[in-house]
Amino acid sequence: MSSGPPGWWMGPRPFGREDENKFYGRNMEIRLLTDLWRGNRLTLLVGHSGVGKTSLLRAGVVPWLETAGVHVLPVGDPGHRPALPAPLVPARSPTLFALLTSWQPDENPAACIGLTVKRFLDGHVRRDASGRPVPTLVAIDGADRFLRGTAPDDPRNRRLLRELADALTAHEHVRLLLSLRPDAEAAARRFAGMLAPSRAPARFVLDALDRNSAIEALSRPLAGAPHGFEAGEAARLVDALRVVRPGEIPAEDDDARVDPVLLQMLCSALWERLTDGTGVRTTITPEVVPDVNAALADFCTRTLDGLTDDHELPTCEIGTWLRRSFVSPEGIAVPVPREAALREFDDAVLRAVEDRHLIRTTVRDGALFYELQHPCMVTPIRKVGQARRAMPEPDAHTLLDAAEEALAAGRLERAEQYVRAAVRAGGAAGPVHGRAHTIRGDIAFARADHETAIAAYLEAAGHVPRMGDILAAVGRLWLLRGEPANALENTRVAATHGVHDGIVKLDMGQAKWHVGRLEQGLRELDVLLSREPEHHEALRVRGEMLAEQRHAARALADLAQVVRTAPPSAVAAWARAFEAHQGGRVAPEHLGGMFPEAADDGLALLGIAQLMEQRGRRDEAARFAADALAARNPRLASHHRRKAERLANA
């Protein structure tokens, strides 16, 4: 679909920071939200999909605050995809890593590998003339990614929330804003309880545009453009998109609202009618304006085509479900309980339909429902498929974007199909080739197919801007395969191709440890930690190495700093060091979340086996050691296999 002409309307995508001069209709919301954000430790910006939360933040609130001289950071995005091969992303939480890299978009993402939220905020403190920290405003857009549904049960998301809470507790001058959908609000309030149990967060509910604001958003971007609305035509368009309740005729000043995403969708359809891209000058008259129902039906048809293709569903299956479930025989929009929707499609499909603005989540009497994005979509939904239009063939970059989205959603087969299509469209060399094979390596890594991942990354290596990152990823994979000598050699080669020095030191330390040269490995990490004393990954790895050598006190000094947000191998090492140094037993609640995540992690399972042996529970030690020998992600290196075999055969 056309996204609209550059510099005028946006089309169905959010406004960005660079679009401030095209963003209209939200002046009151900008003022109210900035006041709340500045005055509260935690603010929740709550709104349905498509209501404009992202646009309000990026093109409205943040530019206003910057102009006012307020210390505000770039908006954080948990779905941000840093240009770094997947094996280099810290295991403690890929979502946290995405946030850290989105908060500092101009930095090399490799510099964020050992970074914690607290240390990031340490580096962004501003002080007034008396030396006191001034308020720092931090936002996370799309926080429902790690708050909604079962997401908080993911141990990586629990670590993210702990790290956020610890950082905000240490920095009382920070003001955090979470932008989220209504179904994630209860989880956001539980997170607020981690910060201040007795104080509720501030709450701002973003509604759709009222009539006057919608007219302003539609017409003001055309100021100075060769196109302009005939008198009254912008208002007529807006009125066609407003909510009209059955049996009522709205007055001009009533509460009927317009969803911004539908308004921008109509702008795209209008632009297609205005010009074929040659810039024809014309007045926007009723004859030029597309029929609203037809335009919405075309939007729905195109969107459904993409959804059924993405999720490999029979054609129109989602459209049939929308007509059957969300529209009554009398032609009235009706809500659908979430439980009923889940009997039709899995959560990934429902989330995708919501992300593409066909439905939205509502909360009614504490229960979750889906409803059509807007009541005015009843007629278009009933017309879906009646007037299909040819879709342009996507280019290679669009296909690779789709591959990354599918990979992030865990749809690995679909991601691979997009990569193959992109390679066919983009040729066998150049940036498309490099990016495609990097994504292919990421897909194989997600499957723990390390051999295929190595081949894909090596294929990408000569076609990417940062070859050193690719080679470092290959080194990590050799380590995961239990072949540390190859890992050491790859890391040495990566160091000659400009890879970030922190990656080199970290990987040299791990590789030397796994080939049995512990003291040399410790020296590599000592150098890194002398430069960055709070480097999370270096502290974790050094702590694990020291625990293995029974240097309990030194291991505990490292691991105590990271254990709350560390992956299971480090938790097991911390427990061994704690019990050896302090005596007594670590409480089960500190270890309970470790076991499910450690299911295929050789080092974590070996660490648990060693903990059981240390406790004198030899049968359990043997069982965990046997599991460690069978684990694939990572496999045990040879010297670790010898330790596991001894325990398994005891």
Side-chain angles (χ1 to χ4, degrees), residues 12 46-51 53 79 142-154 157 179-188 205-206 208 243 245-246 259 261-262 265 296-297 299-385 405-406 408-411 413-414:
V46 183
H48 299 290
S49 169
V51 81
K53 301 184 298 296
D144 40 285
R145 283 177 178 268
F146 55 86
L147 287 171
R148 73 188 294 273
T150 59
D153 296 328
D154 186 323
N157 286 337
S179 171
L180 43 87
R181 297 177 188 178
D183 57 330
E185 186 174 356
V205 178
L206 185 63
V243 175
R245 291 174 288 276
D259 272 5
V261 68
L262 298 185
M265 177 281 307
L296 286 172
F299 166 73
C300 294
T301 299
R302 294 187 188 201
T303 303
L304 287 167
D305 282 347
L307 283 167
T308 54
D309 183 50
D310 279 354
H311 293 270
E312 301 179 89
L313 296 168
T315 302
C316 290
E317 183 173 335
I318 300 176
T320 301
W321 170 65
L322 290 173
R323 287 194 295 272
R324 184 184 73 242
S325 301
F326 289 86
V327 182
S328 74
E330 297 77 25
I332 298 172
V334 294
V336 174
R338 176 170 163 79
E339 291 80 2
L342 284 169
R343 288 195 289 271
E344 302 272 355
F345 300 105
D346 64 29
D347 184 70
V349 174
L350 294 173
R351 180 73 170 179
V353 178
E354 187 176 7
D355 286 345
R356 287 163 175 79
H357 312 302
L358 294 181
I359 61 174
R360 65 184 194 177
T361 303
T362 60
V363 182
R364 298 168 182 251
D365 298 325
L368 295 179
F369 286 79
Y370 290 111
E371 63 184 20
L372 289 180
Q373 178 74 31
H374 199 290
C376 72
M377 291 179 67
V378 167
T379 300
I381 285 292
R382 299 173 90 177
K383 291 184 175 181
V384 161
E405 288 182 11
R411 302 196 314 273
E413 290 291 337
R414 194 62 187 148

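Reckoned from all heavy atoms, side chains included, excluding hydrogens, waters and symmetry mates.
A distance of 4.0 Å separates CH2 in W321 from CZ in F326, rounded to the nearest 0.5 Å. In this structure, CG in D259 is found 10.5 Å from CE in M265, a value given to the nearest 0.5 Å.
Of all the heavy atoms in L304 and I318, the pair that sits closest is CD2-CG2, 3.5 Å. Contact record, S325 with V336: O-CG2, 3.3 Å, taken as the closest heavy-atom pair. Nearest heavy-atom pair across A333 and L372 is CB-CD1, 4.4 Å. For A187 against L147, the heavy-atom pair with the smallest separation is CB-O, 3.2 Å. Across C300 and P380, no two heavy atoms sit closer than the pair SG-CB, 4.5 Å.
With sequence neighbours left out, H48 forms a side chain to side chain donor-acceptor pair (under 3.5 Å) with no residue at all. E339 pairs by the side chain to side chain donor-acceptor pair (under 3.5 Å) definition with nothing, not counting sequence neighbours. Listed by chain and residue number, E371 satisfy the salt bridge (Lys or Arg N to Asp or Glu O under 4.0 Å) test with R364 (two or more places apart in sequence, or in another chain).
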For this session: Determine, stepwise, if the pair T361 / Y370 fulfils side-chain contact (heavy atoms from CB on, under 4.5 Å).
Result: CA-CA 5 Å; T361 303; Y370 290 111; 3.4 Å; yes

For this session: May I have the step-by-step check of side-chain contact (heavy atoms from CB on, under 4.5 Å) for L350 and L342, ending in yes or no?
Result: CA-CA 8 Å; L350 294 173; L342 284 169; 3.6 Å; yes

Exercise. So L180 and V46, side-chain contact (heavy atoms from CB on, under 4.5 Å) or not? Walk me through it.
Worked result: CA-CA 5 Å; L180 43 87; V46 183; 3.8 Å; yes

Exercise. Given R324 and E344, is the salt bridge (Lys or Arg N to Asp or Glu O under 4.0 Å) satisfied, shown in steps?
Worked result: CA-CA 12 Å; R324 184 184 73 242; E344 302 272 355; 2.7 Å; yes

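The side-chain contact (heavy atoms from CB on, under 4.5 Å) test with M377 is passed by exactly one of L358, I359, L322: L358. When the options R351, H357, R360, Q373 are evaluated for a side chain to side chain donor-acceptor pair (under 3.5 Å) with S49, the one that passes is H357.
With a 4.5 Å cut-off on side-chain heavy atoms, L368 and V363 count as touching. Counting heavy atoms from C-beta outward, L296 and L262 have side chains that approach closer than 4.5 Å.
E354 and R181 are joined by a salt bridge, as a carboxylate oxygen and a charged side-chain nitrogen come within less than 4.0 angstrom of each other. Salt bridge absent: R148 and E185 never bring a charged side-chain N and a carboxylate O closer than 4.0 Å.
Formation of a donor-acceptor pair under 3.5 Å by the D346 side chain with backbone atoms of A348 is found in this model. In this structure, K53 contributes its side chain and G47 its backbone to a donor-acceptor pair below 3.5 Å.
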